[in-house]
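Right, one structure below, let's go through it.
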Amino acid sequence: MSVVYGIALSVAACLRGGTRVDVAWSLDPEQVPTFDPTDAVAITPGGGRLGSLLGGALDSRLVELSLTEANEARVVTCELDGIESSALGVPQGTVVRIVFAPAEVLPEELWEPLLEREPVAIAAAKEDDRLSEIRFVAPQGSTSFSLDDEQLSANWAPTPSLVLFGGGPMADALSHAAGFVGWSVDRVSGADHAIGVAANLSAIDGIVVMGHDTEAVGRVLQAALGSRVGYIGSIGPNSLQEDRGDWLAFRGVTDTGRVHGPAGFPIGARTPEEVAVSVVCEMLSVRENPDS
């Protein structure tokens with residue numbers, strides 16, 4: 001995960017260890033709409049990069065800024081040259097504004113909710129290109145940024161992720177349906193990879209498993225049940241659900257109430273596309289009413 005939520009753990013670790021780290025994000029996501037508006041990058045001494053901002057197109061500029069070891073946050077205006085604009089697929093001369101800040105000047109209380117993938121917001125006073133009095137404020141709505149002659153406001157809201165373990169038409173349909181509602185989709189094929197991804201999911205995220213390999217699917221379900229993920233969907237007929245339940249029970253996993261299987265609301269869905277819609281609706285319902 002390259003977004004600001006994804007770099008929070010590394011930034012917090014640097015701060016605890018007394019290592020300098022600079023953080024940068026774009027104030028103009030609408031200028032390059034193909035990128036996630038919550039993208040951010042952290043830069044450590046020597047030019048090491050954590051996360052990604054605008055696909056790395058501005059990394060050389062940001063590393064140069066980091067090498068100055070400035071002790072204040074600022075707004076950097078970047079007019080994209082031919083190479084940068086080509087990499088981003090926008091006209092040459094497009095202007096994007098970047099906030100570049102030593103992490104130590106950002107509010108200390110910012111990092112914990114970012115680690116928990118909760119909405120966060122900050123505000124700062126602006127004078128020329130310098131930012132000061134940066135403070136943690138109550139978040140409002142979706143990810144958005146505003147900047148005028150006197151103040152910066154930055155509001156981040158996490159994008160739900162749907163992890164799909166398995167392939168075929170069902171995975172294709174789920175990927176399209178989740179993308180339609182604006183979720184981030186991560187399709188993984190190997191059980192070990194899926195288990196690693198599941199460990200980092202949060203309450204706003206979901207994971208859906210499918211396929212006839214009971215061993216592989218069971219391992220992923222076991223990992224999901226041990227994580228904080230909000231929605232666990234198991235695609236397949238009742239016979240497959242029983243096989244997966246038996247595999248889990250044999251390994252001592254009997255509390256499977258969080259697994260929705262067969263996944264999706266019972267709306268009479270027959271095609272992969274119809275099933276996908278029912279699964280997305282079920283995940284939305286679970287996210288809204290986690291205790292139901």
Side-chain angles (χ1 to χ4, degrees), residues 1 5-6 9 112-113 115-118 158-175 177-178 181 183-272 274-292:
M1 185 189 304
Y5 292 91
L9 180 61
E112 186 62 31
L115 287 171
E116 295 297 323
R117 293 190 68 220
E118 297 173 357
T159 300
S161 294
L162 180 62
V163 176
L164 304 177
F165 176 67
M170 190 68 251
D172 293 339
L174 279 166
S175 181
V181 294
W183 296 346
S184 171
V185 179
D186 189 2
R187 298 179 63 165
V188 294
S189 55
D192 289 338
H193 184 192
I195 289 168
V197 171
N200 295 312
L201 295 176
S202 72
I204 69 169
D205 302 320
I207 185 167
V208 176
V209 300
M210 62 204 85
H212 294 273
D213 187 338
T214 301
E215 171 81 17
V217 170
R219 290 177 61 211
V220 177
L221 283 173
Q222 185 175 15
L225 286 166
S227 76
R228 296 173 53 245
V229 67
Y231 177 80
I232 305 172
S234 178
I235 297 288
N238 287 327
S239 58
L240 272 182
Q241 304 302 326
E242 292 173 3
D243 287 345
R244 294 165 186 171
D246 291 344
W247 188 96
L248 291 167
F250 184 74
R251 288 152 182 82
V253 182
T254 57
D255 185 4
T256 58
R258 292 168 59 205
V259 178
H260 298 266
F265 281 143
I267 59 174
R270 293 180 176 83
T271 67
E274 291 171 346
V275 173
V277 169
S278 74
V279 171
V280 167
C281 289
E282 186 174 53
M283 180 171 157
L284 283 167
S285 177
V286 169
R287 192 180 71 186
E288 186 67 21
N289 305 287
D291 297 325
S292 63

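Side-chain atoms are counted along with the backbone in the values below, which use heavy atoms only and exclude waters and symmetry mates.
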Closest heavy-atom contact between Ala178 and Leu162? CB-CD2, 3.7 Å

Report the C-alpha separation of Val217 and Leu240 in whole Å, then their side-chain angles, then the decisive distance to 0.1 Å, and conclude whether the side chain to side chain contact (heavy atoms under 4.5 Å, CB included) test is met. CA-CA 10 Å; Val217 170; Leu240 272 182; over 6 Å; no

Please report the shortest heavy-atom distance between Leu164 and Ala171, naming the atom on each side. CD1-O, 3.5 Å

Exercise: identify the closest heavy-atom pair between Ala276 and Ala177: CB-CB, 4.0 Å

To the nearest 0.5 Å, atom CG of Leu225 lies from atom CG of Asp255 at 7.5 Å

Using the rule given for side chain to side chain contact (heavy atoms under 4.5 Å, CB included), can you reason through Val229 versus Arg258, listing the C-alpha separation, both sets of side-chain angles and the distance that settles it, and then say yes or no? CA-CA 10 Å; Val229 67; Arg258 292 168 59 205; 3.7 Å; yes

Sole candidate of Val163, Val220, Leu174 that passes side-chain contact (heavy atoms from CB on, under 4.5 Å) when paired with Val208: Leu174

Could you tell me if Asp172 and Ser175 have a donor-acceptor pair between their side chains, going purely by distance under 3.5 Å? no

Quick one: closest heavy-atom pair of Ala198 and Ser227, and the distance? O-CB, 3.3 Å

Under the criterion side chain to side chain contact (heavy atoms under 4.5 Å, CB included), I'd like the reasoning laid out for Trp247 against Leu221: C-alpha separation, chi angles, the key distance, then a yes or no. CA-CA 10 Å; Trp247 188 96; Leu221 283 173; over 6 Å; no

Is a donor on one side and an acceptor on the other found under 3.5 Å between the side chain of Gln241 and the backbone of Ser234? yes

If you take all heavy atoms of Arg219 and Ala191, which pair is closest and at what distance? NH1-CB, 3.6 Å

Rounded distance (nearest 0.5 Å) linking atom OH of Tyr231 with atom CD of Glu282: 3.5 Å

So with a 6.0 Å cut-off around CD of Glu215, is the heavy-atom count from everything else above 12? yes

Could you measure the distance from the CD1 atom of Ile204 to the CH2 atom of Trp183? Nearest 0.5 Å is fine. 10.5 Å

Short side-chain to backbone donor-acceptor contact, Tyr5 and Glu116, under 3.5 Å: no

Rounding to 0.5 Å, atoms CZ (Arg228) and CG (Leu201) come to a distance of 9.5 Å

Say whether, by atom type as modelled, one donor and one acceptor occur between the side chain of Arg117 and the main chain of Thr159 under 3.5 angstrom. yes

Quick one: does Val275's side chain get under 4.5 Å of Met170's, heavy atoms only? yes

Asp243 backbone acceptor or donor facing Asp246 side chain under 3.5 Å: no

Does some side-chain heavy atom of His193 sit less than 4.5 Å from a side-chain heavy atom of Val197? yes

Minimum heavy-atom distance between Ile207 and Ala224, given as atom pair plus value: CG2-CB, 3.8 Å

Kindly indicate whether the side chain of Phe265, heavy atoms from C-beta on, has any atom under 4.5 Å from the side chain of Ser285. yes

Roughly how far apart are Arg244 CZ and Ser239 OG, rounded to 0.5 Å? 9.0 Å

